[in-house]
Amino acid sequence: ISAGITKLEDGMFYGCGSLSNITIPDESDSIGCIAFDGCDSLKKIYIPKSVTAIDKKAFGKKKKKLIIQAPKGSYAIKYAKKKHFKYEIVE
């Protein structure tokens, strides 16, 4: 994702079947509804500490395959735990 993107809009990557790993830029603060739904190849996503809002339907039904990577204590880690996603704490 290009630098300068502050919000991942609703449906931004919807159905992007070739997306396997993604890093959200540090400037981003939110991930919208179904932003990554239908991204069947998505395995890992790095979400920086700057992201403080993730829609409850941002990833669709990808819980079994997706690993959320994020800094310790970040909103993304709390989201992953609450929604039962696999996660990795990274610095």
Side-chain angles (χ1 to χ4, degrees):
I1 298 175
S2 300
I5 301 291
T6 58
K7 178 181 180 181
L8 278 69
E9 300 290 338
D10 295 351
M12 188 167 188
F13 293 97
Y14 181 83
C16 185
S18 62
L19 191 63
S20 61
N21 295 303
I22 194 163
T23 298
I24 306 228
D26 290 332
E27 303 87 33
S28 298
D29 60 9
S30 62
I31 300 173
C33 184
I34 64 169
F36 293 98
D37 192 16
C39 298
D40 297 333
S41 297
L42 185 61
K43 293 185 177 30
K44 287 187 180 181
I45 184 169
Y46 173 77
I47 303 174
K49 203 166 202 154
S50 60
V51 172
T52 56
I54 303 172
D55 187 89
K56 64 183 179 181
K57 295 181 183 176
F59 300 102
K61 298 180 182 184
K62 294 208 52 67
K63 292 179 185 173
K64 293 181 181 176
K65 295 180 183 178
L66 182 64
I67 298 172
I68 293 175
Q69 297 177 315
K72 184 177 182 179
S74 66
Y75 179 83
I77 294 296
K78 293 173 190 168
Y79 176 90
K81 288 178 180 179
K82 181 179 178 183
K83 298 291 184 180
H84 307 288
F85 280 90
K86 294 177 186 173
Y87 64 91
E88 294 175 354
I89 295 173
V90 296
E91 294 304 318

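As the structure is a prediction and not an experimental result, all values here were calculated from the model.
- Atom SG of Cys39 and atom CD1 of Ile45 lie 8.5 Å apart (nearest 0.5 Å).
- Using a 4.5 Å cut-off between side-chain heavy atoms of Ile, Leu, Val, Met, Phe, Trp and Tyr, with links allowed through other members, Leu19 and Leu66 fall into the same hydrophobic cluster.
- To the nearest 0.5 Å, the span separating CG on Asp10 from CG on Asp37 amounts to 11.5 Å.
- Phe59 and Phe85 have perpendicular rings, their planes meeting at more than 60° on a 0 to 90° scale where under 30° would count as parallel.
- Separation of atoms NZ (Lys43) and NZ (Lys86) is listed at 11.0 Å; rounding is to 0.5 Å.
- Qualifying side-chain contact (heavy atoms from CB on, under 4.5 Å) partners for Ala76, counting only residues two or more places apart in sequence or in other chains: Ile47, Ile54, Ile68, Ala70, Ser74.
- Taking a 6.0 Å sphere around OH of Tyr87, one finds it holds 12 or fewer heavy atoms contributed by other residues, nucleotides or ligands.
- For the atom pair CG (Asp29) and CD1 (Ile24), the distance works out to 11.0 Å, reported to the nearest 0.5 Å.
- Under the side-chain contact (heavy atoms from CB on, under 4.5 Å) criterion, Lys72 pairs with Ile89, Glu91, sequence neighbours left out.
- Annotation: side chain to side chain donor-acceptor pair (under 3.5 Å) contacts of Glu9 (sequence neighbours excluded): none.
- Summarising the geometry, atom CG belonging to Asp55 is positioned 7.0 Å from atom OH belonging to Tyr79; distances are rounded to the nearest 0.5 Å.
- Considering all non-hydrogen atoms of both residues, Ile77 and Glu88 come closest at CD1-O, 4.0 Å.
- By the criterion of side-chain heavy atoms lying less than 4.5 angstrom apart, applied directly or through intervening Ile, Leu, Val, Met, Phe, Trp or Tyr residues, Leu42 is not grouped with Tyr46; the two fall into different hydrophobic clusters.
- Around NZ of Lys49, the count of heavy atoms belonging to other residues, nucleotides or ligands within 6.0 Å exceeds 12.
- Residues Pro25 and Ser50 approach most closely at O-OG, 4.1 Å, considering heavy atoms.
- Atom-to-atom distance recorded for Leu8:CG and Phe36:CZ is 5.0 Å, nearest 0.5 angstrom.
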